[in-house]
Amino acid sequence: MKFRVLDLFCGAGGFSAGLELNAHFKTFVGVDFNKDALKTFSYNHPNAFAIFGDLTQKNIQNEVLNICRQNKINMIIGGPPCQGFSNKGKKLGLADERNFLFKEYLRFVKILKPEIFIIENVKNLLSCAQSYFLNEIIQCAKNLGYHLEFSILNAAEFGVPQNRQRAFLVGAKFKFNFDNLKEKKRVNVKDAISDLAFLNSGEGEDESVYIFAAQSAYQKAMRGKKLYNHKATNHSKIALDKLKMIPSQSGKEFLPKKLHGRQQFQTTWGRLIWEMPSPTIDTRFDTPSNGTNSHPELHRAITPREAARLQSFKDDFRFLGCKTQICRQIGNAVPPLLAKALADAIVEQIRVQQY
């Protein structure tokens, strides 16, 4: 079976990019309300329709539905905005209107009747508001005739050099089993970005060339013809002075108490550790005071390209927009190699069930 994909709340398109690493999947439509993210999606998916708009608006719904029908869409993916569920947010649950965008997603499932749909979100979706949102999705899927399975997956178990736990809900006309996902060899920070360690604070360009040779199989797999978005933040003198006090692969415990600032978390001002996967890449990885996102040795935060590597984006996947928007696109994305693991499992289970 060939899957023709509609990507709702598509962002930069990491979920789609990962699915398309399996030849049975092709993305035909992407929809988002963020113009810069949609530009990135369109640049990297030049043959897909990129639709800008609010999915709660009837005219946008009709436009998406018309294009989907013309292109015989039979799969829907997407991650409705998750700030209202996030452990880092206020976890407003039923009080946060953003949390109800999943109903717009399910409206498309009801009308288009795809063979399969996948919802991705922060793991708190499963327990938020006494599992109200999970139960609503389960009931809707059942009413529409879908088998629904859900699980929390850690990207690090599928070849992504990052500990990133996310909830996935798969509704399908066939029986999907998460146990059939095939785990991959774990990849650490050194395997992912050691070949990019040639920039200091403020250095780099939007488009550049490789200086060091690839130093791991992962780096060879990630490399493209050019290196995009490898541009380091121009840190203040105060930030640089702090980073210089922190030894390789260490953290704020080496800073005097008076320099800890208002950030109370122990993870702030932390350096990545070469021999471990990175912690979760969020939308502010360019700021040392935000968490453990400084380079293991160099005096700077990781660049967008290094963050993209830790998310398993290939180097020829280019992010467009200002730095803040690019960081948001990368931090919000589904790691492509995690999406590929799901794609591979879907194809294999269909194959087995046909025999």
Side-chain angles (χ1 to χ4, degrees), residues 161-164 187-216 218-219 222-223 226-256 259-263 265-313 315 317-319 321-333:
Q162 177 192 173
N163 281 309
R164 185 186 189 92
V187 180
N188 60 35
V189 169
K190 188 173 186 178
D191 292 331
I193 67 169
S194 63
D195 62 323
L196 302 181
F198 50 79
L199 297 181
N200 293 312
S201 171
E203 295 181 345
E205 304 293 338
D206 289 327
E207 182 178 325
S208 55
V209 297
Y210 297 97
I211 293 178
F212 297 152
Q215 299 166 15
S216 70
Y218 182 86
Q219 292 169 17
M222 291 295 110
R223 285 194 167 203
K226 292 184 179 179
L227 190 59
Y228 297 113
N229 308 115
H230 190 38
K231 192 173 182 180
T233 298
N234 189 15
H235 296 298
S236 68
K237 183 179 184 303
I238 293 173
L240 289 172
D241 287 343
K242 285 186 178 183
L243 286 169
K244 289 173 183 177
M245 296 181 194
I246 301 173
S248 171
Q249 308 182 80
S250 301
K252 70 188 296 182
E253 67 272 13
F254 285 90
L255 292 177
L259 296 181
H260 282 200
R262 285 179 287 182
Q263 299 88 4
F265 300 105
Q266 281 301 114
T267 55
T268 58
W269 292 97
R271 291 184 179 276
L272 295 171
I273 297 174
W274 281 130
E275 303 301 330
M276 294 177 62
S278 84
T280 300
I281 297 298
D282 64 15
T283 59
R284 296 186 59 220
F285 59 79
D286 62 322
T287 307
S289 62
N290 182 61
T292 302
N293 44 34
S294 291
H295 193 275
E297 296 177 356
L298 301 175
H299 303 317
R300 59 169 175 80
I302 54 174
T303 68
R305 179 47 52 193
E306 287 166 333
R309 281 268 189 97
L310 295 171
Q311 278 275 59
S312 75
F313 281 96
D315 291 351
F317 193 103
R318 188 173 193 172
F319 295 89
C322 67
K323 184 183 76 167
T324 300
Q325 285 292 334
I326 287 173
C327 291
R328 187 175 300 164
Q329 291 169 33
I330 295 171
N332 284 335

Legend entry - Whether T287 side chain and F285 backbone form a donor-acceptor pair below 3.5 Å: no
Inset, instruction - Report yes if the side chains of F319 and P304 come closer than 4.5 Å at any heavy-atom pair, otherwise no. - result: no
Legend entry - Side chain to side chain, D191 and P161, heavy atoms closer than 4.5 Å: no
Inset, instruction - Look up atom CG in L272 and atom CD in E306, then write down how far apart they are to the nearest 0.5 Å. - result: 8.5 Å
Inset, instruction - Apply the test salt bridge (Lys or Arg N to Asp or Glu O under 4.0 Å) to residues D206 and R318: give CA-CA distance (whole Å), side-chain angles for both, the deciding distance (0.1 Å), then the verdict. - result: CA-CA 9 Å; D206 289 327; R318 188 173 193 172; 5.9 Å; no
Inset, instruction - Walk me through it: do H299 and H235 pass the test side-chain contact (heavy atoms from CB on, under 4.5 Å)? - result: CA-CA 9 Å; H299 303 317; H235 296 298; over 6 Å; no
Inset, instruction - With the side chain counted from C-beta on, respond yes when S201 and L240 share a heavy-atom pair under 4.5 Å apart, and no when they do not. - result: yes
Legend entry - Spacing of NE2 belonging to H295 relative to CH2 belonging to W274, to within rounding of 0.5 Å: 4.0 Å
Inset, instruction - Side-chain contact test, heavy atoms from C-beta onward, threshold under 4.5 Å: evaluate it for D315 versus R309 and give yes or no. - result: yes
Legend entry - Any P279 side-chain heavy atom under 4.5 Å of N163 side chain: no
Legend entry - Q162 side chain to I281 backbone, donor-acceptor under 3.5 Å: yes
Inset, instruction - Would you check, one step at a time, whether the test side-chain contact (heavy atoms from CB on, under 4.5 Å) holds for R300 with T233? - result: CA-CA 7 Å; R300 59 169 175 80; T233 298; over 6 Å; no
Inset, instruction - Find the distance between NZ (K231) and CG (D286) and round it off to the nearest 0.5 Å. - result: 12.5 Å
Inset, instruction - Please say whether more than 12 non-hydrogen atoms of neighbouring residues, nucleotides or ligands are located less than 6.0 Å from CD in E297. - result: yes
Inset, instruction - Would you mind reporting whether D241 and L259 have side-chain heavy atoms less than 4.5 Å apart? - result: no
Inset, instruction - In sequence, state the C-alpha distance, the side-chain angles, and the governing distance for F313 and R305, and then conclude on side-chain contact (heavy atoms from CB on, under 4.5 Å). - result: CA-CA 9 Å; F313 281 96; R305 179 47 52 193; 4.3 Å; yes
Inset, instruction - Nearest 0.5 Å please: distance from the NE2 atom of H230 over to the CD atom of E203. - result: 9.5 Å
Legend entry - Donor-acceptor contact below 3.5 Å, side chain R271 vs main chain L243: yes
Legend entry - Inter-residue atom distance T292.OG1 - I273.CD1, 0.5 Å rounding: 8.0 Å
Inset, instruction - Ignoring hydrogens and angles, tell me if any N or O in the side chain of E207 forms a donor-acceptor pair with the backbone of K226 under 3.5 Å. - result: no
Legend entry - I246 side chain near L255 side chain, heavy-atom distance below 4.5 Å: yes
Legend entry - From CD (Q215) to OG (S194), nearest 0.5 Å: 3.5 Å
Inset, instruction - Check ring-ring contact (aromatic ring centres under 6.0 Å, His included) between F212 and all other residues, then give those that pass, not counting sequence neighbours. - result: F198
Inset, instruction - Provide the closest heavy-atom pair for R284 versus N293 in the form atom of the first, atom of the second, distance. - result: O-ND2, 3.6 Å
Legend entry - Min side-chain heavy-atom separation T303-N229 under 4.5 Å: no
